[in-house]
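Input: a single structure, listed below in C-alpha cells.
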Amino acid sequence: MSSPPLDKTYNPTAVEKKWASHWAEHKLFHPRHTEKPESFCIVIPPPNVTGSLHIGHALNNTLQDILIRWKRMQGIQTLWIPGTDHAGIATQNVVERQLKKEGLSREDLGRQAFIERVWTWRHQSGDTIIEQLKQLGASCDWDRLRFTMDEGLSLAVRKVFVQLYDEGLIYRGERLINWCPRCLTALSDIEVEHEDIKGTLYYIRYTLADDPEAFLTVATTRPETLLGDRAVAVHPEDPRYQHFIGKQVKLPLTTRTIPIVGDAISVDREFGTGAVKITPAHDFNDFEAGERHGLEPLTLLDIKARMDPLGLKKALVDQDILATLSLKTVHDARPLVIEALQEQELLIKEEDHPMALGKCYRCKTVVEPYLSPQWFVKTGPLAIPAIEAVETGNIRIIPEGWKNNYLGWMRNIKDWCISRQIWWGHQIPAWYCRSCNKDHLVEPSSTSKENPGDHDLSPSLTMSCYITSDAKPIVSKTDPTVCPECGGSDLFQDPDVLDTWFSSALWPFSTLGWPEQTQDFNTFYPNATLVTGLDILFFWVARMVMMGIKMTGQIPFRDVYIHALVRDAEGQKMSKSKGNVIDPLTKMSQYGTDALRFTMASMASPGRDMKLAEERIEGYRNFVTKIWNAARFIQLHTDETQPSAQPKSRSFPDQWILSRLNHTIREVTQALENYRFDQATSHLYQFIWHEYCDWYIELAKPSLQQENHPDASATRHTLLESFEMIQRLLHPVMPFITEELWQSFPHEGLSIMTQPFPSEQPGWTNNGTEHDFSILQAVVSTTRTGRALLNIPANQPLTLYSTTTHDDDAASLKNVQIYIESILRSSLTLAQITDWPSDRILQLVAGNLTIGIPVEPNLDLHQVVKKVKKQIGAKDKECSRLQDRVSSPTFREKAEPSVVQESEARVTSLRQELSLLTSSEHQLATMTPS
RNA sequence: AGGCGGAUAGCUCAGUUGGCAGAGCACUGCCUUUACACGGCAGAUGUCGCAGGUUCGAUCCCUGUUCCGCCUACCA
C-alpha cells in the first residue's frame, strides 16, 4: 500500500508523460454520466492545421482546461471537443510556398492534384498541434477530434449554405470587394488590416471641356486611378463650384471627358479642394457614388493589381501613356502617371498626407478594391437576434467591457463576402449548366495565361474562370447531375471556395453531429462557455452567434470569456520576425507544464494584455518544487500511517489549517465561478506556500518529531487529509504534479481528475482559532524581528515574556503559548511587565502585545533604538492625523457613524500602542549607556 | 476621426461600493536548522500620470489634459 519514496527532485517530463498516457488509456476525458442534470461543454477554438502551439494557444487552452477539469470534478457531465481548422488561405499559402521551392505553381499541378497535395501535407503535419495540446494536459475528448473539412462538417456546411440561399440570405452579386493581389482572392472586410502610412496628396488640374482656361483642382492620394474616373464630384451647395455642375471636364492623359456632378455625400467641402474624382471601380465610396449617379465602373487593374491594357484601352488612355503603363503594378505606375501629369503641367502640388493602407491579414500585401462577382451572406437579418441575445444577457460576454465592442460591430454589420478564389476549402455547392449560361461563362480554356489582356472582356477574366453575376446557379446539398431548366447534363461546379470562417461559424454544433439530432447535440448544445482571444471576436464569435441562432434556434453558448493577448516582457506583440516569441514547448520542458499553466492562469487578469516575463514562469516552477518538497516531508512522517477514521480531537494547528483551507476553497471556487483565474491562482499560491508550508508544517513538526507526542496521530491524519484536499483544489491548474502526488499517497480511485472538487466543510471554519493564530504569528514575527535587531542567532533559546492589556488577546496568548515556545525554541512567560524579573528586558510592541526579550549587558542596541524611534514616528504621525479627523466637527457630523466609531477606536489603540512604544523607549534608555 | 483600456514599489501587476496602499520578482542583511538555497527569517521601497472639481475625506467618483496600447472607420 505504501508508495515508494518520492524522488528528491520533481521530474516533470517523466511524470507528465506517465499520467498523460494513464488518462488516455482509461479514457478519462470522455464525458461521464452523472446524477447532475446539467452539462458543461466547451468547443476548442480550432487551431490552424498549419500551426504549432504558440503562447497564445497555451493561454487559451490552459484556461479551457482549468474550467473543464474543475467542472468535471464537480461531478458535472463535461465535454471538451478538440479539432483543427483547415484555414483556407493560410494553408494554401504554405503548400504553394513548398511547391515554389520545387519550381512549381498550383496551376502546374491543376486543382485536383493540388488539393490532394494539401491533404497529404495536412495529414503529415496537420495534427502536430494536437500532440502539443495533449502535452499541455488539455483534457479534450480526443476520440471526438474534428476537422472543419471532415465529412460531417462538410455536410453541415452544405446544409447551411443551401438553406440560407433558399431563404435569400446568401446571394451572388457583382460588388466592389477587397482583393489580395498576391493570394489572388477576395477577402472580407475584417480580413483587411490597416496600417498607418505617410501618404501623399496630389493636386491635379482637370480642365473644363468647353473652356480651356477654366479648371477644377482635384486632390487624390491615388493618381494612377484617375484614368478610371467617371466624374468629378463637388458639393451641390459649394458656391465655388456650383456653377460647374453638369459641365464636362477633360480627363487628364485620356481623350475622355467626364461630367461634374453634385454629391453631398462624397464631398467634404473642407477637405482638399472640395472637388473629388469619382473612380467607381477602385474605391468603395466612389462605387457607391457611381451607383447614385449612374456611372459605370471602369476597371483598370488586373487581378495582380497591374495596369490592364484592355482596361486602359477602354478608358481611352492616350496611346503613349497606355504603352508606358501597360502591365505595370500600381506601385510602379504611380510615379509614371505623376511624371506624365507634370509634363503636361497638370500637377499643381503635392503634400504629405497621413493615411491608412489596407493589407491582407494573411500575407500583408496591399489589398485593392476590386470589382467582381462574389457570394455574400446578407447579415442584416442574422444580426438582429445576435444583437438581442447579447443585449438581454442570454449570452454573457466576459469581461463585460467587450460587449459594446461586439454590439457596435454587429449593429453596423456589412454583408459578408464568403467566396474565395482559392482551391483549399469547402467548394461552393453551386453548379452551372453550360448550355443555359453560355453567355455568362468564360472558362480557363478560353483565357490565355501569357497574355491576360488579350481578349475582349473585362479584366476580371484573368481569373481562372469567370462567371458573370447574372449566371444562374443550381444550389444543392448533393451534386446535381442534370439541369432542372433544360435537362442538360453539362454542369460544372462554381470554382470558388467558402471563407474559412464560414465553417468555423458552425463549429459549436457541427462538431456535435448536427444536422443530425445526435445524443451529443441534445446533451451538450448550447455549449457552456467559449474561451477565446479578442482578436477573433468578429471573425468567429459574432458569426457563431448569428449562425447558431439561425440554424439551431438556440444560442450557441452561454458565456463568452475573452482573454487578452500575450506580449513579451517589453509589451511587444510576439512574432517570429521580431524574434521575441516565447515558445511554450521549450518552457514546458524547461520548467514543467504545470509551472507554465500556473503562469498563464495567474496572468489572466481581465481586460488587459499580459506581458510575459520568463522570471514569472521560473517563480511558479519554484512553487511546484515547494509543493513537491512539502509532499516529501509529509511522506517522510506519515509513511506508516494508514488512512484512519476521523481523529477524536484536532490540535490547534490542525484546526487552524482546516479553517484556512475552508476559506481557500471558498475563495478559489468563487474566483473560478467569476472567471478570475488570476485570483484563483493567487489564493492557491498564498495559501499553500505562506500558510500551509510556512506555518502549518512548521507547527506540525514538534508533534511528528517528538516520540509519543499526544497529537502525533491526529496531526498525521490532518496532514494527509488536508494535503490530499489541496491536491484536488489545485488539480485544475496543475494537473500533472497533483496527479503524481495524489497517486503517491494513500488513495482510492483511478485518478485525481475524477475525484470531487473540494467543497467547504461544515465545522472547519473557526474564527476563534484564526484569531488565536494571529496572536501567535504576531509574537513569533516580533520576536524574530527582535532577534535580527539584536543579532541573536535563530537557534539560541530565549527566555521570553509577553503581556497584553486586551482580555481576548490575553486568552489567545495563553492558548498558543506552547506553540510559540516550540516554534521559537524558547520559553515564554505570560506576566505583566511589572512582574518581569529584570530591567534588562527589551520591550517590543506588536499592536497591544508587548514582548520582552532579555538583553545581554554588552549588546549593541543601536539598531533597536532606531527601529523603535521610527515606529514611534510613524504611529505618532498616523495618530495625530486620525486625531485631527476625529475632532473635526464636520467629520463627526457627516461621516457614517460606524466610520467615526472605527476611527475613534483606532485612535485609542494607536495611543495605547504609542504608550507601549514610549515605555519601551524609556526602558531602552536605561539600558543604553549615553 | 471615433470608441475602449491602461498609467500604483526598480520590474510585472493586484486593489479600493470613497475612510491604515498590496503581491510576486528583483534588492539588502542574517541563516546551509534532516521537506525545500528552485529554501528560511528579517528588512527597505510609493506625490497611486498631470491639473482642476465634488466631498468631512479622493489613488478610487466627475471634468479636462498628457503619454502608451488596442479596436473600428475612413477624408478623396
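Below, chain A is the first sequence line, B the second, and so on; all start at residue 1. A quick note: this is a predicted structure, and the numbers were derived from the prediction, not measured.
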Complementary nucleotide for [N] - Watson-Crick or wobble, under 3.5 Å:
{"N": "B:C67", "result": "B:G6"}
{"N": "B:A21", "result": "none"}
{"N": "B:U72", "result": "B:A1"}
{"N": "B:G39", "result": "B:C31"}
{"N": "B:U59", "result": "none"}

NA contact type, [X], heavy-atom cut-off 4.0 Å: base, sugar-phosphate, or nothing?
{"X": "A:R787", "result": "nothing"}
{"X": "A:N795", "result": "nothing"}
{"X": "A:V624", "result": "nothing"}
{"X": "A:D694", "result": "sugar-phosphate"}
{"X": "A:A794", "result": "nothing"}
{"X": "A:K701", "result": "base"}
{"X": "A:H683", "result": "nothing"}
{"X": "A:R411", "result": "nothing"}
{"X": "A:F284", "result": "nothing"}
{"X": "A:E698", "result": "base"}
{"X": "A:K870", "result": "sugar-phosphate"}
{"X": "A:Y620", "result": "nothing"}

Please tell me if A:H690 has a side-chain N or O lying less than 4.0 Å from either OP1 or OP2 of B:A23. no
Can you tell me if A:S605 touches the phosphate of B:C13, counting only side-chain N or O atoms and a distance under 4.0 Å to OP1 or OP2?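 Checking A:S605 against B:C13: no side-chain N or O falls below 4.0 Å of OP1 or OP2.
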If each of A:S682 and A:T782 is mapped to the nucleotide of RNA chain B with the nearest heavy atom, which maps nearer the 5' terminus, i.e. the 5' end?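 That would be A:S682.
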Flag this pair as yes if the NZ/CZ of A:R885 is under 6.0 angstrom from the six-membered ring centre of A:F891 and inside a 45 degree cone about the axis; otherwise no. yes
Between the base of B:C56 and the side chain of A:T890, is there any donor-acceptor pair under 3.5 Å?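 Checked by distance alone, the answer is no.
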Going by heavy atoms in the side chains, are A:C693 and A:K626 under 4.5 Å from each other? yes
If we ignore angles and hydrogens, is there a donor and acceptor under 3.5 Å between the side chains of A:Y206 and A:D229? yes
Take A:E350 and A:L201 through the side chain to side chain contact (heavy atoms under 4.5 Å, CB included) test and state the conclusion after the steps. CA-CA 6 Å; A:E350 304 176 14; A:L201 193 57; over 6 Å; no
Assess whether atom CD of A:E351 is packed by more than 12 heavy atoms of other residues, nucleotides or ligands within 6.0 Å.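 Result for CD/A:E351: enclosed.
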